[in-house]
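Both backbone and side-chain heavy atoms feed into the values below; hydrogens, waters and symmetry mates do not. Atoms within a ligand are numbered from 1 in the order they appear, just like the ligands themselves.
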Amino acid sequence: MAPSIGVTSSIREGTLLTMGMDNAHSVVNAGGVPLVLPNIANESVLDQLAASLDGLLVTGGGDVDPTWYGEEPHPALGEVSPERDQFEIALIRRFLQRNKPVFGICRGCQVLNVAADGDMYQDIYAQSGRPLLQHSQKAPREHASHYIDIVEQSMLHSIVQNIRLKVNSFHHQAIRRAGAGFAITAYSSDGIVEAIESTQHRFALGVQWHPENMTRSGDPAARLLFEAFVHACRASRL
Ligand code: MN
């Protein structure tokens with residue numbers, strides 16, 4: 001049987017769950033079965049999801065509430081979703097405890113880091129203190145706009161078989177300090193963190209770009225990332 005992979009969702013207008021179809025297609029094309037998750041941080045819901053799912057894909061979305069990493073809101077902070085933050089952080093912590101695979105995309109990368117007690121920039125342009133590239137690209141979703149440099153010998157390096165990639169970019173927040181047991185494994189040329197991974201778990205990886213939008217244009221690295229994730233989900237059942 002194919003691995004069952006929980007895919008997190010956004011809450012729109014306070015009442016609607018939304019999830020980009022590219023996430024689901026990318027999981028299916030890599031051999032997994034996606035299940036969209038409800039953003040209800042009820043203990044028994046969280047416990048059963050963590051016990052029954054084989055992996056967790058934490059998708060993109062709005063900003064993370066800075067309260068989670070001990071800060072008050074900066075004026076440039078965007079829209080936050082307290083229910084979603086609470087659900088995802090609680091669920092990620094359960095997956096990490098069980099050493100089940102977690103793959104975080106964009107906001108998901110940041111939430112994974114915050115769940116591991118790391119912190120972040122609420123707005124990279126206001127807070128990084130240096131000139132930056134355009135990280136909120138105006139080009140189509142699947143278009144790769146800036147380069148990243150990947151740390152050699154990292155899991156990310158072994159998956160994509162490359163130390164330099166061109167990726168898409170749709171973020172104004174980014175990781176500042178990696179969480180406990182996590183290493184930074186990619187940077188853009190302006191020094192913004194573009195990937196983290198756990199040094200303790202079999203697969204806990206976050207990427208700041210959106211590979212789910214790049215699989216449709218046949219980007220090899222994007223395809224390899226989803227294949228490695230689904231492979232880890234299958235292996236975690238054994
Ligand atoms: Mn970027």
Inset, instruction - Would you mind naming the N, O or S atom of His135 nearest to the Mn ion (ligand 1)? - result: ND1
Inset, instruction - Please name the residue in the list Leu77, Ile192, Ile124 that meets the side chain to side chain contact (heavy atoms under 4.5 Å, CB included) test with Gln173. - result: Leu77
Legend entry - Hydrophobic cluster membership, Ile11 vs Ile89, 4.5 Å side-chain cutoff: no
Legend entry - Atom name in Glu194, limited to N/O/S, at shortest distance from the Mn ion (ligand 1): OE2
Legend entry - Heavy-atom side-chain proximity of Val27 to Leu57 below 4.5 angstrom: yes
Legend entry - Pair His172, Asp123: side-chain N/O donor-acceptor within cut-off below 3.5 Å: yes
Inset, instruction - Specify whether an N/O/S atom of Ser169 falls short of 2.8 Å from the Mn ion (ligand 1). - result: yes
